[in-house]
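Because the structure is predicted, anything quoted here is derived from the model rather than measured. Protein chains get the first letters and strands the later ones, always in sequence-line order, with residue 1 at the start of each.
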2 protein chains.
Amino acid sequence: MRADILESALRLFAAHGFRGTSLQDIASDVGCSKASLLYHFTNKDTILSELFAPIGHEFETLLQRLAPLQGEEAARAAVAGVVDMSLRFRRQVKILLLDVDALLDHPELPCVDDVTEALVDAMVGRVPEQEPRVAGWMALLGIFLTTARGVAIPDETMRAELTSGAFRTLGLSS
Amino acid sequence: MRADILESALRLFAAHGFRGTSLQDIASDVGCSKASLLYHFTNKDTILSELFAPIGHEFETLLQRLAPLQGEEAARAAVAGVVDMSLRFRRQVKILLLDVDALLDHPELPCVDDVTEALVDAMVGRVPEQEPRVAGWMALLGIFLTTARGVAIPDETMRAELTSGAFRTLGLSS
DNA sequence: GACAGAACTGTCCGATCGGTCAGTTATCGT
DNA sequence: ACGATAACTGACCGATCGGACAGTTCTGTC
């Protein structure tokens with residue numbers, strides 16, 4: 001039942017956003033009462049936290065794996081990591097994009113700004129100038145949103161296209 | 001006063017989303033009563049419609065300008081047009097991204113899906129395969145989101161970086 | 001100063017939200 | 001069969017939302 005609730009919540013949050021989905025919406029989708037949701041989860045935020053728990057750790061390990069790398073090597077690893085996580089957690093990414101501002105102060109998920117800044121750093125190098133960072137943001141956000149939007153092709157094809165596209169954006173040979 | 005209301009609404013909608021901003025929030029920001037808002041505008045949706053009215057026409061003329069072009073010429077013109085509109089209407093773009101699903105059925109603004117699909121067509125050509133379209137989506141969404149997010153550089157520098165970045169994503173020489 | 005109309009506001013309304021709680025039903029070891 | 005515990009629910013609560021409406025204040029004209 002907990003699993004059913006989480007599955008429905010993930011689908012509805014991704015479709016209509018966190019704020020755009022009421023507990024009653026989830027309950028109707030699951031086929032139980034609203035009170036039953038709050039029996040399994042203390043409140044609405046807890047449901048969200050549970051959905052985002054896995055990706056918090058994964059992003060942390062990705063950043064650790066990226067930390068010692070530099071230059072083109074770091075950029076290619078960052079792209080591969082971001083593409084992989086976007087494909088595996090595309091619905092969570094969509095939730096994050098739909099309700100960024102409301103979810104930023106959410107304690108459970110790591111500070112999104114810090115993580116994304118670190119990923120851009122890995123893609124374009126730790127340069128003080130802002131100009132090269134634009135390409136990094138374009139690559140990062142392009143991957144996230146294109147995955148969240150969804151294109152009617154198999155996952156592995158999508159992975160290859162996203163990776164080569166991001167490489168081109170960053171000026172790397174693909 | 002109407003202008004003050006629209007300015008406050010635009011800023012608040014861009015910061016917290018359409019659904020995340022109440023009429024009371026806007027009234028407090030303007031410094032008037034909620035009832036006063038509803039004297040100048042028939043309802044909350046009308047405020048949003050007025051904010052999006054200009055960009056509807058602009059996107060239409062952009063698509064008309066793009067229609068006769070083909071190949072690389074069309075792609076370069078599409079990128080230039082999208083970059084230009086993103087920079088000029090960055091707050092509207094952000095609103096659209098924050099509340100896509102809730103705003104899709106909004107009658108005032110043109111069907112977002114149709115417009116974006118046409119822009120991707122212009123960028124990658126009207127090909128039946130889905131694979132090349134991924135790069136188109138990456139370029140389009142990369143421009144939109146990077147602009148909406150904001151980078152601390154002058155507009156004209158941003159324009160140049162966004163344009164060359166999108167060209168690279170699409171495999172065009174910049 | 002009197003008047004008309006625009007501009008504005010306080011107050012109320014129904015709907016919906018997240019959340020609480022007492023009470024009911026199902027499950028299971030003994 | 002029975003009691004304990006988990007699972008679940010209907011009814012309710014306070015807060016907040018978008019919006020309606022009667023009444024008040026401001027502003028310009030004669």
Categorize B/Ser33 for me: base, sugar-phosphate, or nothing, with a 4.0 angstrom heavy-atom threshold over every strand shown. base

Return no unless some side-chain N or O of A/Ser22 is found under 4.0 Å from OP1 or OP2 of C/dT16. no

Euclidean distance, atom CG of residue B/Leu37 to atom C1' of C/dG10 [Å, nearest integer]: 14 Å

Separation of C/dT16 P from B/Arg19 CZ (nearest whole Å): 16 Å

Both A/His40 and A/Lys34 contact DNA chain D. Taking the nearest nucleotide for each, which residue is further toward the 5' end? A/His40

Between B/Ser28 and B/Gln24, does any side-chain donor sit less than 3.5 Å from a side-chain acceptor? yes

From CD of B/Gln24 over to C1' of D/dG18, roughly how many Å is that when rounded to an integer? 11 Å

Which listed nucleotide (C/dC21, D/dC8, C/dC8) is nearest to the side chain of A/Met1? D/dC8

Less than 4.5 Å apart, side chain to side chain, heavy atoms only: is that true for B/Leu6 and B/Leu10? no

Decide yes or no for B/Ser86 and B/Leu162: does some side-chain heavy atom of the first lie under 4.5 Å from some side-chain heavy atom of the second? no

Quick one: which of C/dG18, D/dT9, C/dT9 gets closest to the side chain of A/Leu23? C/dG18

Within the structure provided, determine whether B/Leu145 and A/Leu97 are in side-chain contact (heavy-atom separation under 4.5 Å). yes

Report the distance from atom CZ of B/Phe41 to atom C1' of D/dA20, rounded to the nearest whole Å. 18 Å

Examine D/dA7: is either OP1 or OP2 under 4.0 Å from a nitrogen or oxygen in the side chain of A/Tyr39? Give yes or no. yes

Check this for me: does the side-chain of A/Lys44 come within 3.5 Å of the base of C/dG19 through a donor and an acceptor? no

With a cut-off of under 6.0 Å to the ring centre and 45° to the axis, is A/Lys44 in cation-pi contact with A/Phe18? yes

Calculate the interatomic distance between B/Arg2 atom CZ and C/dA6 atom C1'; express it in whole Å. 14 Å

Euclidean distance, atom CD1 of residue B/Ile26 to atom P of D/dT16 [Å, nearest integer]: 17 Å

Taking the minimum atom-to-atom distance to the side chain of A/Leu38, which one of D/dG18, D/dA20, C/dT20 wins? C/dT20

Tell me: CG of B/Asn43 to C1' of C/dC13, nearest whole Å? 17 Å

Any idea which of D/dG19, C/dT20, D/dC21 is nearest the B/Ala35 side chain? D/dC21

